[in-house]
Amino acid sequence: MEAANNEEARLAEMRRLNAELDKSAKLLIRRDLELGRASEKLKQVDKMKSEFVSLVTHQLRTPLSGIKWSLSILLNGDVGPLSPEQRAYLSKTYESNERMIALINDLLQADRLESGIERFTLAPTPLEPLARKVIDDLQPLAMRKKIRIELKTLGEVSPIMADASGLSMVLQNIIDNAIKYSPQGSLVTVTLKETGAKTEIAVEDHGIGIPSEAQPRIFGRFFRARNALLADAVGSGLGLYIAAEILRKHNGDIRFESGENNGTIFTISLPTKDA
Ligand code: ADP
(Lines give C-alpha, C1' and ligand atoms only; values in the text may rest on other atoms or scores of the structure.)
Protein backbone atom coordinates (compact mmCIF):
# COMPACT_ATOMS: atom_id res chain seq x y z
CA MET A 1 0.00 0.00 0.00
CA GLU A 2 2.77 2.37 1.06
CA ALA A 3 4.85 1.35 -2.00
CA ALA A 4 1.89 2.18 -4.29
CA ASN A 5 1.50 5.60 -2.62
CA ASN A 6 5.23 6.33 -3.08
CA GLU A 7 5.03 5.36 -6.72
CA GLU A 8 2.02 7.66 -7.20
CA ALA A 9 3.81 10.54 -5.48
CA ARG A 10 6.90 10.03 -7.68
CA LEU A 11 4.75 9.98 -10.78
CA ALA A 12 2.96 13.15 -9.72
CA GLU A 13 6.33 14.82 -9.06
CA MET A 14 7.59 13.75 -12.48
CA ARG A 15 4.47 15.08 -14.16
CA ARG A 16 4.93 18.38 -12.34
CA LEU A 17 8.61 18.56 -13.40
CA ASN A 18 7.63 17.69 -16.94
CA ALA A 19 5.05 20.44 -17.03
CA GLU A 20 7.63 22.90 -15.68
CA LEU A 21 10.16 21.81 -18.29
CA ASP A 22 7.55 22.25 -20.95
CA LYS A 23 6.80 25.76 -19.71
CA SER A 24 10.53 26.64 -19.61
CA ALA A 25 11.05 25.28 -23.11
CA LYS A 26 8.15 27.39 -24.44
CA LEU A 27 9.55 30.42 -22.63
CA LEU A 28 12.99 29.79 -24.15
CA ILE A 29 11.53 29.49 -27.64
CA ARG A 30 9.64 32.74 -27.14
CA ARG A 31 12.77 34.51 -25.81
CA ASP A 32 14.76 33.11 -28.73
CA LEU A 33 12.24 34.54 -31.18
CA GLU A 34 12.26 37.90 -29.37
CA LEU A 35 16.08 37.97 -29.37
CA GLY A 36 16.15 37.06 -33.04
CA ARG A 37 13.79 39.92 -33.83
CA ALA A 38 15.81 42.35 -31.65
CA SER A 39 19.04 41.28 -33.32
CA GLU A 40 17.48 41.79 -36.75
CA LYS A 41 16.38 45.28 -35.68
CA LEU A 42 19.89 46.06 -34.37
CA LYS A 43 21.37 44.93 -37.67
CA GLN A 44 18.98 47.24 -39.51
CA VAL A 45 19.82 50.17 -37.20
CA ASP A 46 23.54 49.44 -37.65
CA LYS A 47 23.11 49.40 -41.43
CA MET A 48 21.22 52.69 -41.27
CA LYS A 49 24.00 54.19 -39.12
CA SER A 50 26.61 53.06 -41.66
CA GLU A 51 24.61 54.51 -44.54
CA PHE A 52 24.19 57.76 -42.62
CA VAL A 53 27.93 58.04 -41.79
CA SER A 54 28.83 57.20 -45.37
CA LEU A 55 26.37 59.74 -46.82
CA VAL A 56 27.36 62.56 -44.46
CA THR A 57 31.10 61.96 -44.83
CA HIS A 58 30.90 61.77 -48.62
CA GLN A 59 28.77 64.91 -48.74
CA LEU A 60 31.27 66.72 -46.53
CA ARG A 61 34.28 65.59 -48.48
CA THR A 62 33.23 67.33 -51.68
CA PRO A 63 32.96 70.89 -50.28
CA LEU A 64 36.10 70.36 -48.17
CA SER A 65 38.04 69.38 -51.31
CA GLY A 66 36.67 72.50 -53.01
CA ILE A 67 37.86 74.68 -50.11
CA LYS A 68 41.28 73.00 -50.25
CA TRP A 69 41.55 73.69 -53.97
CA SER A 70 40.60 77.39 -53.62
CA LEU A 71 42.98 77.90 -50.69
CA SER A 72 45.85 76.27 -52.63
CA ILE A 73 45.29 78.68 -55.52
CA LEU A 74 45.34 81.67 -53.17
CA LEU A 75 48.41 80.38 -51.26
CA ASN A 76 50.33 79.71 -54.49
CA GLY A 77 49.83 83.36 -55.40
CA ASP A 78 48.09 82.34 -58.63
CA VAL A 79 45.60 85.20 -58.33
CA GLY A 80 47.97 87.82 -57.00
CA PRO A 81 50.59 88.32 -54.29
CA LEU A 82 49.70 87.95 -50.60
CA SER A 83 50.86 90.02 -47.66
CA PRO A 84 52.59 87.97 -44.89
CA GLU A 85 49.55 88.47 -42.67
CA GLN A 86 47.15 87.26 -45.35
CA ARG A 87 49.40 84.26 -46.00
CA ALA A 88 49.50 83.41 -42.27
CA TYR A 89 45.70 83.47 -41.95
CA LEU A 90 45.20 81.48 -45.12
CA SER A 91 47.78 78.87 -44.03
CA LYS A 92 45.93 78.41 -40.74
CA THR A 93 42.66 77.96 -42.62
CA TYR A 94 44.33 75.46 -44.94
CA GLU A 95 45.59 73.42 -41.95
CA SER A 96 42.16 73.41 -40.27
CA ASN A 97 40.63 72.24 -43.52
CA GLU A 98 43.23 69.46 -43.76
CA ARG A 99 42.37 68.38 -40.20
CA MET A 100 38.70 68.21 -41.08
CA ILE A 101 39.47 66.09 -44.15
CA ALA A 102 41.60 63.77 -41.98
CA LEU A 103 38.79 63.42 -39.42
CA ILE A 104 36.22 62.65 -42.12
CA ASN A 105 38.58 60.04 -43.62
CA ASP A 106 39.09 58.43 -40.18
CA LEU A 107 35.33 58.30 -39.56
CA LEU A 108 34.76 56.74 -42.96
CA GLN A 109 37.57 54.22 -42.46
CA ALA A 110 36.34 53.20 -38.97
CA ASP A 111 32.85 52.67 -40.34
CA ARG A 112 34.09 50.64 -43.30
CA LEU A 113 35.99 48.36 -40.91
CA GLU A 114 33.05 47.95 -38.54
CA SER A 115 30.52 47.21 -41.22
CA GLY A 116 32.85 44.74 -42.94
CA ILE A 117 32.82 46.67 -46.24
CA GLU A 118 36.57 47.00 -46.09
CA ARG A 119 38.07 43.82 -47.52
CA PHE A 120 41.73 43.00 -47.25
CA THR A 121 43.68 40.96 -49.75
CA LEU A 122 46.67 39.31 -48.15
CA ALA A 123 49.71 38.83 -50.38
CA PRO A 124 53.43 38.36 -49.68
CA THR A 125 54.62 41.84 -48.70
CA PRO A 126 58.25 42.83 -48.08
CA LEU A 127 58.29 44.99 -44.94
CA GLU A 128 61.31 47.20 -45.37
CA PRO A 129 60.18 49.04 -48.55
CA LEU A 130 56.69 49.42 -47.08
CA ALA A 131 58.06 50.98 -43.87
CA ARG A 132 60.49 53.15 -45.88
CA LYS A 133 57.63 54.54 -48.00
CA VAL A 134 55.49 55.35 -44.94
CA ILE A 135 58.46 57.10 -43.29
CA ASP A 136 59.21 59.08 -46.47
CA ASP A 137 55.60 60.21 -46.67
CA LEU A 138 55.73 61.43 -43.05
CA GLN A 139 59.08 63.18 -43.48
CA PRO A 140 57.59 66.71 -43.99
CA LEU A 141 55.71 66.37 -40.68
CA ALA A 142 58.82 65.10 -38.88
CA MET A 143 61.01 67.83 -40.38
CA ARG A 144 58.73 70.53 -39.05
CA LYS A 145 59.61 69.29 -35.53
CA LYS A 146 63.21 68.42 -36.47
CA ILE A 147 62.48 64.80 -35.56
CA ARG A 148 64.71 62.13 -37.06
CA ILE A 149 63.10 58.79 -37.98
CA GLU A 150 65.48 55.86 -38.08
CA LEU A 151 64.61 52.54 -39.73
CA LYS A 152 66.46 49.43 -38.52
CA THR A 153 66.11 45.87 -39.77
CA LEU A 154 67.46 43.27 -37.36
CA GLY A 155 68.71 40.22 -39.28
CA GLU A 156 66.75 38.67 -42.14
CA VAL A 157 63.06 39.65 -42.34
CA SER A 158 61.05 37.69 -44.92
CA PRO A 159 57.95 39.10 -46.63
CA ILE A 160 54.76 38.64 -44.59
CA MET A 161 51.20 37.95 -45.72
CA ALA A 162 49.54 41.36 -45.57
CA ASP A 163 47.36 43.84 -47.39
CA ALA A 164 49.96 46.47 -48.27
CA SER A 165 47.67 49.49 -48.09
CA GLY A 166 46.02 48.28 -44.85
CA LEU A 167 49.38 47.68 -43.19
CA SER A 168 50.69 51.03 -44.46
CA MET A 169 47.73 52.72 -42.82
CA VAL A 170 48.51 50.99 -39.50
CA LEU A 171 52.15 52.02 -39.63
CA GLN A 172 51.27 55.52 -40.74
CA ASN A 173 48.96 55.96 -37.71
CA ILE A 174 51.57 54.68 -35.25
CA ILE A 175 54.51 56.70 -36.65
CA ASP A 176 52.32 59.78 -37.03
CA ASN A 177 51.48 59.49 -33.30
CA ALA A 178 55.16 59.01 -32.42
CA ILE A 179 55.93 62.31 -34.19
CA LYS A 180 52.88 64.12 -32.80
CA TYR A 181 53.53 63.20 -29.19
CA SER A 182 57.31 63.77 -29.21
CA PRO A 183 59.33 66.89 -28.44
CA GLN A 184 61.21 68.89 -31.06
CA GLY A 185 64.54 67.41 -32.12
CA SER A 186 63.91 63.91 -30.72
CA LEU A 187 64.41 60.51 -32.32
CA VAL A 188 61.80 57.98 -33.48
CA THR A 189 63.08 54.48 -34.18
CA VAL A 190 61.27 51.91 -36.31
CA THR A 191 62.66 48.39 -35.90
CA LEU A 192 61.77 45.33 -38.00
CA LYS A 193 62.53 41.87 -36.77
CA GLU A 194 61.46 38.28 -37.36
CA THR A 195 61.40 35.87 -34.44
CA GLY A 196 60.13 32.43 -35.48
CA ALA A 197 56.36 32.50 -35.87
CA LYS A 198 56.11 36.27 -35.36
CA THR A 199 57.33 39.24 -37.34
CA GLU A 200 57.39 42.46 -35.38
CA ILE A 201 57.50 46.17 -36.15
CA ALA A 202 58.38 48.32 -33.13
CA VAL A 203 57.99 52.11 -33.14
CA GLU A 204 59.78 53.83 -30.27
CA ASP A 205 59.56 57.49 -29.34
CA HIS A 206 60.83 59.70 -26.52
CA GLY A 207 57.65 61.70 -26.13
CA ILE A 208 54.99 62.50 -23.55
CA GLY A 209 54.10 58.82 -22.93
CA ILE A 210 50.71 57.42 -22.01
CA PRO A 211 49.53 57.99 -18.40
CA SER A 212 48.82 54.70 -16.60
CA GLU A 213 45.13 55.51 -16.02
CA ALA A 214 44.66 56.04 -19.78
CA GLN A 215 46.43 52.88 -20.87
CA PRO A 216 43.44 50.48 -20.75
CA ARG A 217 41.39 52.79 -22.97
CA ILE A 218 43.68 53.99 -25.75
CA PHE A 219 42.43 51.53 -28.37
CA GLY A 220 38.83 52.67 -27.78
CA ARG A 221 37.04 54.87 -30.28
CA PHE A 222 37.57 58.63 -29.84
CA PHE A 223 39.62 58.22 -26.67
CA ARG A 224 42.45 60.72 -26.10
CA ALA A 225 44.56 60.87 -22.92
CA ARG A 226 44.61 64.11 -20.91
CA ASN A 227 48.30 64.79 -21.64
CA ALA A 228 47.62 64.38 -25.38
CA LEU A 229 44.80 66.93 -25.16
CA LEU A 230 47.07 69.32 -23.23
CA ALA A 231 49.93 68.82 -25.70
CA ASP A 232 47.80 70.63 -28.26
CA ALA A 233 48.37 67.86 -30.77
CA VAL A 234 45.37 67.50 -33.04
CA GLY A 235 43.74 64.12 -33.46
CA SER A 236 40.47 62.26 -33.73
CA GLY A 237 41.11 59.47 -31.24
CA LEU A 238 40.40 56.98 -34.02
CA GLY A 239 43.93 56.14 -35.24
CA LEU A 240 44.73 53.36 -32.78
CA TYR A 241 41.22 51.94 -33.01
CA ILE A 242 41.59 51.71 -36.80
CA ALA A 243 45.11 50.22 -36.47
CA ALA A 244 43.95 47.53 -34.03
CA GLU A 245 40.94 46.63 -36.22
CA ILE A 246 43.10 46.29 -39.34
CA LEU A 247 45.62 44.12 -37.48
CA ARG A 248 42.84 41.90 -36.13
CA LYS A 249 41.90 41.18 -39.75
CA HIS A 250 45.51 40.16 -40.38
CA ASN A 251 45.54 37.76 -37.38
CA GLY A 252 48.01 40.16 -35.85
CA ASP A 253 47.98 42.36 -32.78
CA ILE A 254 49.42 45.48 -31.24
CA ARG A 255 50.78 46.16 -27.76
CA PHE A 256 52.68 48.99 -26.10
CA GLU A 257 54.93 49.91 -23.22
CA SER A 258 54.78 53.44 -21.97
CA GLY A 259 55.10 55.70 -18.96
CA GLU A 260 54.09 59.32 -18.62
CA ASN A 261 56.98 61.54 -19.81
CA ASN A 262 58.96 58.40 -20.50
CA GLY A 263 58.32 57.71 -24.16
CA THR A 264 56.38 54.90 -25.77
CA ILE A 265 57.07 51.74 -27.75
CA PHE A 266 54.26 50.34 -29.89
CA THR A 267 54.88 46.83 -31.19
CA ILE A 268 52.91 45.43 -34.11
CA SER A 269 53.04 41.66 -34.33
CA LEU A 270 52.06 39.65 -37.41
CA PRO A 271 52.30 35.98 -38.28
CA THR A 272 55.46 35.12 -40.17
CA LYS A 273 54.73 33.65 -43.60
CA ASP A 274 55.22 29.84 -43.70
CA ALA A 275 56.14 29.74 -39.99
P1 ADP B 1 44.79 60.61 -31.83
O2 ADP B 1 44.14 61.06 -33.06
O3 ADP B 1 44.32 61.31 -30.60
O4 ADP B 1 46.28 60.56 -31.92
P5 ADP B 1 44.88 57.71 -31.61
O6 ADP B 1 43.75 56.74 -31.62
O7 ADP B 1 45.93 57.57 -32.63
O8 ADP B 1 44.21 59.15 -31.64
O9 ADP B 1 45.55 57.62 -30.17
C10 ADP B 1 44.71 57.61 -29.01
C11 ADP B 1 45.43 58.24 -27.85
O12 ADP B 1 46.54 57.40 -27.44
C13 ADP B 1 46.08 59.59 -28.14
O14 ADP B 1 45.15 60.63 -28.07
C15 ADP B 1 47.13 59.67 -27.06
O16 ADP B 1 46.52 60.00 -25.82
C17 ADP B 1 47.59 58.22 -26.95
N18 ADP B 1 48.80 57.96 -27.76
C19 ADP B 1 48.87 57.25 -28.91
N20 ADP B 1 50.13 57.17 -29.35
C21 ADP B 1 50.90 57.83 -28.45
C22 ADP B 1 52.31 58.08 -28.34
N23 ADP B 1 53.18 57.64 -29.24
N24 ADP B 1 52.72 58.79 -27.25
C25 ADP B 1 51.85 59.24 -26.34
N26 ADP B 1 50.52 59.03 -26.39
C27 ADP B 1 50.05 58.34 -27.43
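Predicted model, so just to flag it, every value in this text is computed and none were measured. Both counts, for ligands and for their atoms, begin at 1 and track the order of listing.
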For [atom], find the nearest protein heavy atom and state the residue, atom name and distance (0.1 Å precision).
atom                    : answer
atom 23 (N) of ligand 1 : Asp205 OD2, 2.9 Å
atom 7 (O) of ligand 1  : Asn177 ND2, 2.8 Å
atom 10 (C) of ligand 1 : Phe223 O, 3.4 Å
atom 21 (C) of ligand 1 : Tyr181 CD1, 3.5 Å
atom 5 (P) of ligand 1  : Leu240 N, 3.6 Å
atom 3 (O) of ligand 1  : Arg224 NE, 2.5 Å
atom 25 (C) of ligand 1 : Gly209 O, 3.5 Å

If you count the non-hydrogen atoms of other residues, nucleotides and ligands that lie under 6.0 Å from CZ in Phe222, is the total more than 12? yes
Parallel under 30°, tilted from 30 to 60°, perpendicular over 60°: which one fits the rings of Phe266 and Phe256? tilted
Decide whether Tyr241 and Gln109 meet the rule of one side-chain donor and one side-chain acceptor closer than 3.5 Å. no
Heavy-atom contacts with [X] under 4.0 Å: which atoms of ligand 1 show up? List them by number with element.
X      : result
Ala225 : 14 (O), 16 (O)
Lys180 : 1 (P), 2 (O), 4 (O)
Ile218 : 10 (C), 12 (O)
Leu238 : 6 (O), 8 (O)

Please determine if [X] has a nitrogen or oxygen closer than 3.5 Å to a nitrogen or oxygen of ligand 1.
X      : answer
Asn227 : no
Gly239 : yes
Ile210 : no

Return the minimal non-hydrogen interatomic distance between Ala164 and Thr125, and the atom names on each side. CB-CG2, 4.2 Å
List the atom of Leu122, the atom of Asp163, and the distance in Å for their closest heavy-atom pair. CD2-N, 3.6 Å
Judged by non-hydrogen atoms, does Arg226 sit under 4.0 Å from ligand 1? no
Does Phe219 reach ligand 1, in the sense of a heavy atom lying below 4.0 Å from it? no
Taking NZ, NE, NH1 and NH2 as the nitrogens, is one of them in Lys47 or Glu51 under 4.0 Å from a carboxylate oxygen of the other? yes
Any salt bridge between Arg226 and Glu260, counting N to O under 4.0 Å? yes
Counting only heavy atoms, which portion of Ile174 has something under 4.0 Å from ligand 1: side chain, backbone, both, or neither? neither
With sequence neighbours excluded, tell me which residues meet side-chain hydrogen bond (donor to acceptor under 3.5 Å, both in side chains) with Asp137. Lys133
Other cluster members, Tyr181 - Ile/Leu/Val/Met/Phe/Trp/Tyr, side-chain contacts below 4.5 Å: Ile208
State, with a plain yes or no, whether a side-chain heavy atom of Ile246 is found less than 4.5 Å away from one of His250. yes
Just so I know, are the side chains of Thr189 and Lys152 near enough to count as touching, which here means a heavy-atom distance under 4.5 Å? yes
Nearest heavy atom to atom 8 (O) of ligand 1 wins, so pick from Ser236, Ala228, Gly237. Gly237
